[in-house]
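Let me begin by presenting the structure, written as structure tokens, before commenting on it.
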Amino acid sequence: VDLSDVLEEAEQIQILTTLSRLTTSGTLTWASDGAYASVTSGGNHRYTLSAVDRDGEPPYQLTIERRERREGSRTIGYRTIGVIVMRQTSDEKSNAEVNSLLRQLYESAFRQSRRKISNISDVIDELSGIERGDIPPF
Amino acid sequence: MNLGDWLGVAGLGVSVIGFGVAIWQLVRTANASVATRKAVERTERRMAINHLLVLLPQFRIVETDLDRAAEEDDRQLASRALVSYAHFASEAAAILAGQANVDQTLVAELQVSSREASRTKGTLIDAPRTRNTKQLTKDIREHMSGLALHIGSLSANYQMMID
């Protein structure tokens, strides 16, 4: 079932803006899910950002899934409740703001889920050491 | 020589013959495994060539689709053609990389063009309407035209190998 038309434009913008804010503040943490997808969850929902053609390039999409529970608290699976996808600007349903927000969120989540702070600080420390002359440049 | 000595000599003879037979069997087994390995390699090569013979003609179809999309300023068609081309080029490069006597420059060119096709497809999504599909796909179409001759001759060569 195509769920890309379930959400209103205003709802899409609100969801993407809130997710961006939560990502920037570090409240939500994204993890890599294969080469070109990132996933995070909060409360009863899971969010997956992926490249539609699995090549790391636009169009990107956000899939929103609701956690399904049995009587107790055990999760038995996830059910997709909505999809937000970038559309061609030539498409009647296209929305430049949604496209732009989705692109920014995909890039932020991709960076956040792949970067290792310790590795980056090692590189910066080492370069500073070379600059100060403490570490030989070879 | 008494009977015991004769039996000893006979035992030695049997041992020597036994060793000979064992060595002969080992040589046969080694030869058989070499022949099996060669047969497997031949089959793998044949399968790769068959795969290429199915794959290579798709290049012309995708190229035609992309040219039509450019002429008709159809971004949807261009996008689909570019995704198809990116898959084609990366798959063809992977198969060709494992073949002997293949120009590795062609393999590298296919890999580069695959990435270029994906990136171009990405820009089609929200490029301003003032830029038409012909302009947006100009570089990748030129790159594909440059590869067309190589792909065509490769296809003909593999066809001759099969015939």
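All chains are named by letter (A, B, ...) in the order of the sequence lines, taking the proteins before the strands, and each is independently numbered beginning at 1.
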Please say yes or no: joined through hydrophobic side-chain contacts below 4.5 Å, possibly via intermediate residues, are A:Met86 and B:Leu77 part of one cluster?
no

B:Asp126 side, atom CG; A:Arg87 side, atom CZ - distance, nearest 0.5 Å
13.5 Å

Going by residue number, which parts of residues 96-104 of chain A are within reach of chain B, meaning a heavy-atom gap below 4.5 Å?
A:Asn99, A:Arg103

May I ask you to check whether over 12 heavy atoms, not counting those of A:Gln14, lie within 6.0 Å of atom CD?
no

Toward chain A, the part of B:Ala127 with a non-hydrogen atom under 4.5 Å
backbone

Quick one: do B:Tyr85 and B:Leu56 end up in the same hydrophobic cluster if we chain Ile, Leu, Val, Met, Phe, Trp and Tyr together by side-chain heavy atoms under 4.5 Å apart?
yes

Under 4.5 Å between side-chain heavy atoms, counting indirect links through other Ile/Leu/Val/Met/Phe/Trp/Tyr residues: same cluster for B:Leu55 and B:Ile151 or not?
yes

Is it true that A:Tyr78 and A:Val83 fall in one hydrophobic cluster, defined by side-chain heavy atoms closer than 4.5 Å?
no

Apart from B:Leu3 itself, what residues make up its hydrophobic cluster when side-chain heavy atoms of I, L, V, M, F, W and Y under 4.5 Å apart count as a link, directly or indirectly?
B:Leu7

Shared hydrophobic cluster, A:Val39 / A:Leu16 (ILVMFWY, side-chain heavy atoms < 4.5 Å):
no

Would you indicate whether B:Leu149, at its atom CG, is surrounded by more than 12 heavy atoms from other residues, nucleotides or ligands within a distance under 6.0 Å?
no

Answer yes or no: does atom CD of A:Glu131 have more than 12 heavy-atom neighbours from other residues, nucleotides or ligands under 6.0 Å?
no

Report all side-chain donor-acceptor pairs from residues 61-70 of chain B shorter than 3.5 Å, counting only partners two or more places apart or in another chain.
unit_1  : atom_1 : unit_2  : atom_2 : d
B:Glu63 : OE1    : B:Arg60 : NH1    : 2.9
B:Thr64 : OG1    : B:Arg60 : O      : 2.7

Using only non-hydrogen atoms and a strict under-4.5 angstrom cutoff, which residues of residues 49-61 of chain A touch chain B?
A:Asp53, A:Asp55, A:Glu57, A:Pro58, A:Pro59

